[in-house]
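In what follows, a single structure is set out as structure tokens and then discussed.
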There are 2 protein chains.
Amino acid sequence: MQLAAHPHQPDYSPRQNDVLDSALRLLVDGGEKALTTAGVARAANCSKESLYKWFGDRDGLLSAMIGFQASKVRTFDDTAETLTAETLQEHLVLFARDLLEVLAGDVSLALNRLAIGQASRDGSKLGSMLQERGRRQIGKRAGALLEAGRYAGLLVFEDRDDAYDTLYGLIVSDLHLRMLLGEDSGRMAKDFGRRAEKAVSAFLRLYGSEKSSA
Amino acid sequence: MQLAAHPHQPDYSPRQNDVLDSALRLLVDGGEKALTTAGVARAANCSKESLYKWFGDRDGLLSAMIGFQASKVRTFDDTAETLTAETLQEHLVLFARDLLEVLAGDVSLALNRLAIGQASRDGSKLGSMLQERGRRQIGKRAGALLEAGRYAGLLVFEDRDDAYDTLYGLIVSDLHLRMLLGEDSGRMAKDFGRRAEKAVSAFLRLYGSEKSSA
DNA sequence: GGCGAACCGTACCGTACGGTACTGTTATTG
DNA sequence: CAATAACAGTACCGTACGGTACGGTTCGCC
């Protein structure tokens with residue numbers, strides 16, 4: 001496994017982005033086994049030689065796919081409006097729903113499966129890369145929200161990471177793993193709204209100030 | 001993928017159990033890629049022909065490995081003593097620590113990675129098998145504990161599965177996934193005790209009756 | 001027009017793996 | 001002791017895949 005020498009978003013050409021798109025679709029449809037270099041070349045109407053020229057290696061292709069996908073789902077920063085108990089709850093529920101929907105996405109599931117499959121061998125660069133660009137990014141959004149809630153006197157906590165960890169667990173529990181194991185994610189997607197509300201409700205019971213439970 | 005025709009624990013011979021043990025060790029050490037039929041045969045000092053005679057198929061071998069491992073970590077039932085606030089809390093913390101240690105186990109991680117890798121193709125029988133024999137089993141223990149707590153008036157909840165889902169999320173959060181992605185599990189193992197206590201504390205704040213917060 | 005770079009399509013190579021067949025060896029049974 | 005079954009060890013086969021090389025085509029540039 002050899003990641004790109006320049007870790008700072010290599011920013012591929014449009015043509016190469018199209019290829020990465022095809023590769024991702026291939027991965028989603030057929031799993032890692034279907035992601036052969038010949039298959040990618042055929043699906044993207046490019047030559048294997050170009051694949052190796054652009055990405056150097058099959059592992060380089062995988063890394064590029066992860067980076068490419070991560071760059072597409074950039075987390076948007078929440079508006080820094082002044083929070084009330086209601087808006088904080090709304091923002092938290094919105095965050096929870098977004099999180100669940102991202103985790104349940106076809107591409108997200110496929111990439112996580114891919115990275116987990118590679119985690120045993122080599123230094124598992126893919127895993128840390130997914131972790132870094134995936135959860136860490138979305139975690140920033142949650143962290144900002146939590147800090148804003150604390151600043152407004154609506155939340156009480158000492159360690160922000162602990163609070164976020166709790167929030168994450170309440171929202172996701174083992175749902176992500178179950179989906180990764182193949183449990184039908186489409187069937188349970190309809191409950192995301194309800195699940196998000198329950199998780200946020202519990203979180204506010206744990207970390208909300210008296211002021212927030214008006 | 002073809003599971004055994006008789007799903008009720010085929011119960012292999014001692015010799016075959018030894019082979020499955022070798023295969024598990026091989027899987028733990030080298031990941032799925034290292035789990036070749038020739039490798040298993042070499043590690044277990046048996047012939048490939050015997051492997052195919054006993055397990056029929058590579059997938060049959062994988063299923064057998066999961067069933068074999070699941071049969072080894074059977075969940076023990078908790079003593080049905082009368083619960084007090086203190087003993088309930090102790091039992092919950094014990095459960096949490098056991099859960100974390102099981103999830104962080106080498107073999108558990110390797111098998112989960114294996115099942116997740118297979119989840120994309122075929123009907124993902126391995127995934128549901130792991131789910132059934134893994135979480136469902138340990139969930140029974142938690143369910144009994146929760147029911148006992150409710151019976152003793154220490155816990156208040158309507159849906160036991162919801163309560164267990166919350167407890168699970170508080171204990172594990174995304175720790176399991178991070179370990180599956182390759183984050184060093186040994187380094188974080190020392191925090192399991194503290195993590196278990198915090199999770200149970202939060203759970204009791206959510207679901208404990210006034211009687212329990214004495 | 002001529003030239004070179006980029007690139008597609010394909011053929012090709014080496015290897016690794018799943019699965020099968022064969023041979024020799026041990027051990028059990030009548 | 002003879003016969004049979006089980007099994008280890010190994011050789012073998014077909015295939016699939018990662019990676020490379022090469023001919024042909026398009027496109028931009030002088």
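Proteins get letters first, then strands, A, B, ... in listed order; numbering begins at 1 in each.
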Ignoring hydrogens and angles, state whether a donor on the side chain of Gln118(B) or Glu32(B) is under 3.5 Å from an acceptor on the partner side chain.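 Per modelled atom types, Gln118(B) and Glu32(B) side chains form a pair under 3.5 Å.
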
Looking only at the side chains, is there a donor atom on one of Gln89(A) and Glu197(A) sitting less than 3.5 Å from an acceptor on the other?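 No, because no side-chain N or O of Gln89(A) sits under 3.5 Å from a partner of the opposite role on Glu197(A).
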
May I ask you to check if Arg58(A) and Tyr52(A) form a cation-pi contact, with NZ or CZ under 6.0 angstrom from the six-membered ring centre and within 45° of the axis?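 Verdict for Tyr52(A): no cation-pi partner in Arg58(A).
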
Is Arg135(A) close enough and on-axis enough to Tyr168(A), meaning under 6.0 Å and within 45°, for cation-pi? yes

Salt bridge present between Asp21(A) and Lys72(A) (N-O < 4.0 angstrom): yes

If I take atom [atom1] in residue [X] and atom [atom2] in nucleotide [N], what distance separates them, rounded to the nearest angstrom?
{"X": "Leu62(A)", "N": "dG18(D)", "atom1": "CG", "atom2": "C1'", "answer": "12 Å"}
{"X": "Gln118(A)", "N": "dG18(D)", "atom1": "CD", "atom2": "C1'", "answer": "13 Å"}
{"X": "Lys53(B)", "N": "dC7(D)", "atom1": "NZ", "atom2": "C1'", "answer": "8 Å"}
{"X": "Asp18(A)", "N": "dC8(C)", "atom1": "CG", "atom2": "P", "answer": "11 Å"}
{"X": "Arg15(A)", "N": "dC7(C)", "atom1": "CZ", "atom2": "C1'", "answer": "9 Å"}

Expected string for nucleotides 21-26 of chain D under the B/S/- scheme (protein heavy atoms, under 4.0 Å, primed atoms plus P, OP1, OP2 as sugar-phosphate) is BB----

Could you check which of dA6(D), dG19(C), dG18(D) has an atom nearest any side-chain atom of Tyr52(A)? dG18(D)

Side-chain touch Arg15(A)/Cys46(A), heavy atoms, less than 4.5 angstrom: yes

Donor-acceptor check, side chain of Arg113(A) to backbone of Leu180(A), threshold 3.5 angstrom: yes or no?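 Yes: the side chain of Arg113(A) pairs with the backbone of Leu180(A).
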
Look at the side chain of Arg136(A) and the backbone N and O of Gln131(A), then say whether any donor-acceptor pair between them is shorter than 3.5 Å.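 Checking the backbone N and O of Gln131(A) against the side chain of Arg136(A), no donor-acceptor pair under 3.5 Å is found.
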
At less than 4.0 Å, is any side-chain N or O atom of Trp54(B) found next to OP1 or OP2 of dC7(D)? Yes or no.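 So the side-chain polar atoms of Trp54(B) do come within 4.0 Å of the phosphate oxygens OP1 or OP2 of dC7(D), strictly under.
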
Interface with DNA chain D, restricted to residues 23-46 of chain B and to heavy atoms under 4.0 Å: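 Close to the strand are Asn45(B), Cys46(B).
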
